[in-house]
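Both ligands and their constituent atoms are indexed starting at 1 by order of listing.
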Amino acid sequence: MAKNVQTLLHSASPYAGFDGKRMSYDPQGWESGHPVFAQEIERLAPGLIVEVGTWKGASALHMGKLVQHLGVDCEIVCVDSFLGSVEHWMTPQGRSELNLEFGHPQLYYQFLFNVLHDGLEDIITPFACTSTHAAKVLAHHSIQCDLAYIDAGHEYRDVLTDIEHYWPLVRDGGVMIGDDFSNNWPGVMRAAREFSDTNGLPLNIYDYKWVLRKD
Ligand SMILES: C[S@@+](CC[C@H](N)C(=O)[O-])C[C@H]1O[C@@H](n2cnc3c(N)ncnc32)[C@H](O)[C@@H]1O
């Protein structure tokens, strides 16, 4: 399998030597197996997917299994601070999901464990970084992806910034998908609509997923 971005980011496999002895499989996610992923992955047969916002990996695992099933030679780069979003720090329930150890979320290790559990380490490349910094690094390397999935911070400014930073990284003919186009997340709706209107791009909604195609 091609692991082009992994070789740019990591001098050794980020999975090497990880045992995760104290962990168990926990692929918690939200609408992570939505049919829009199969629809776009079957259509595009992507060589590179960039996911912005990974959490414990559920959506990346779903996409990884799809490309594996289709026999597509694809790398999935998972950009996440692995520190959680605003909402995870606001309530005791949210904080408990971060699984803090010495005050630090253990999301990254849970994600590594989940990827190894599903045998997708040859497809999924972790990029533990803020979305803004990661976009700069990927642009620096002239990376172009077939599919960008935007599911990191859900505040208006965060979403708009992610869309603006990752849209240039989507190749012509590729697609950007985003999560949570819903009244529960007005910032997501505002940012997706604003970018679509400003750039004259049709915004397609499939049951809470928003989709912009780069034709
Ligand atoms: C909704 S979760 C992602 C869920 C995942 N796509 C799934 O379906 O399983 C949002 C993630 O975005 C990450 N995140 C939030 N703001 C970020 C930022 N500015 N840079 C990088 N990651 C960020 C959080 O750490 C969190 O893991």
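- Within the 4.0 Å heavy-atom criterion, neither part of Ala60 lies near ligand 1.
- The shortest contact between atom 27 (O) of ligand 1 and any protein heavy atom is with Asp80 OD2, 2.7 Å.
- Scanning the protein heavy atoms around atom 7 (C) of ligand 1, the nearest turns out to be Ser59 OG, 3.1 Å.
- For atom 6 (N) of ligand 1, the nearest non-hydrogen atom from the set Val86, Thr54, Asp151 belongs to Asp151.
- In this structure, the protein non-hydrogen atom closest to atom 15 (C) of ligand 1 is Ser85 OG, 3.1 Å.
- The shortest N or O to N or O distance between His154 and ligand 1 is not below 3.5 Å.
- Those atoms of ligand 1 that come under 4.0 Å of a heavy atom in Ser131, given as number and element, are 18 (C), 19 (N), 20 (N), 21 (C).
- Residue Tyr149 places no N or O, backbone or side chain, under 3.5 Å from any N or O of ligand 1.
- Protein heavy atom at the shortest distance from atom 12 (O) of ligand 1 is Ala152 CA, 3.3 Å.
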Would you sort out whether Tyr25 and Asp118 count as a side-chain hydrogen bond (donor to acceptor under 3.5 Å, both in side chains), showing the intermediate values?
-> CA-CA 9 Å; Tyr25 187 57; Asp118 284 355; 2.7 Å; yes
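- Trp55 and His88 have parallel rings, their planes meeting at less than 30° on a 0 to 90° scale where 60° marks the start of perpendicular.
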Salt bridge (charged side-chain N to carboxylate O under 4.0 Å, His left out) between Lys209 and Glu40: does it pass, once the steps are laid out?
-> CA-CA 12 Å; Lys209 298 286 186 212; Glu40 295 303 315; over 6 Å; no
side-chain hydrogen bond (donor to acceptor under 3.5 Å, both in side chains) between Ser13 and Glu121: does it pass, once the steps are laid out?
-> CA-CA 9 Å; Ser13 166; Glu121 64 274 21; over 6 Å; no
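- Proximity of the aromatic rings of Tyr109 and Phe82 is defined here by a centroid distance below 6.0 angstrom, and this criterion is not met.
- Proximity of Val52 to ligand 1, defined as any heavy-atom pair under 4.0 Å, is not found for any part of the residue.
- Between Lys56 and Gln28, the side chains place a donor N or O and an acceptor N or O closer than 3.5 Å (distance only, hydrogens not considered).
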Could you walk me through whether Trp210 and Met189 pass side chain to side chain contact (heavy atoms under 4.5 Å, CB included), step by step?
-> CA-CA 9 Å; Trp210 56 265; Met189 295 174 82; over 6 Å; no
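- Heavy atoms of Thr130 come nearer than 4.0 angstrom to ligand 1 in at least one pair.
- Atoms of ligand 1 lying under 4.0 Å from at least one heavy atom of Trp30, given by number and element, are 1 (C), 2 (S), 4 (C), 8 (O).
- For ligand 1, the atoms lying closer than 4.0 Å to a non-hydrogen atom of Cys129 are 21 (C).
- Ligand 1 places these atoms under 4.0 Å from at least one heavy atom of Gly53: 3 (C), 5 (C), 6 (N), 11 (C), 12 (O).
- In this structure, Pro105 falls outside the shell of residues with a heavy atom less than 4.0 angstrom from ligand 1.
- Heavy-atom contacts of Gly29 reach the following atoms of ligand 1: 9 (O) (cutoff under 4.0 Å).
- The aromatic rings of Tyr108 and Phe111 lie tilted to each other, with the angle between the two planes from 30° to 60°.
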Show your working on salt bridge (charged side-chain N to carboxylate O under 4.0 Å, His left out) between Glu101 and Arg22 and close with a plain yes or no.
-> CA-CA 13 Å; Glu101 266 189 36; Arg22 293 174 300 130; 3.2 Å; yes
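- Using a 4.5 Å cut-off on side-chain heavy atoms (C-beta onward), Leu44 and Val175 make contact.
- When only modelled atom types and interatomic distance are considered, Glu51 and Thr54 share a side-chain donor-acceptor pair under 3.5 Å.
- One option in Ala58, Ser32, Ser81 has a heavy atom closer to atom 21 (C) of ligand 1 than any other, and that option is Ser81.
- Every atom of ligand 1 with a heavy atom of Gly153 under 4.0 Å away is listed here by number and element: 15 (C), 16 (N).
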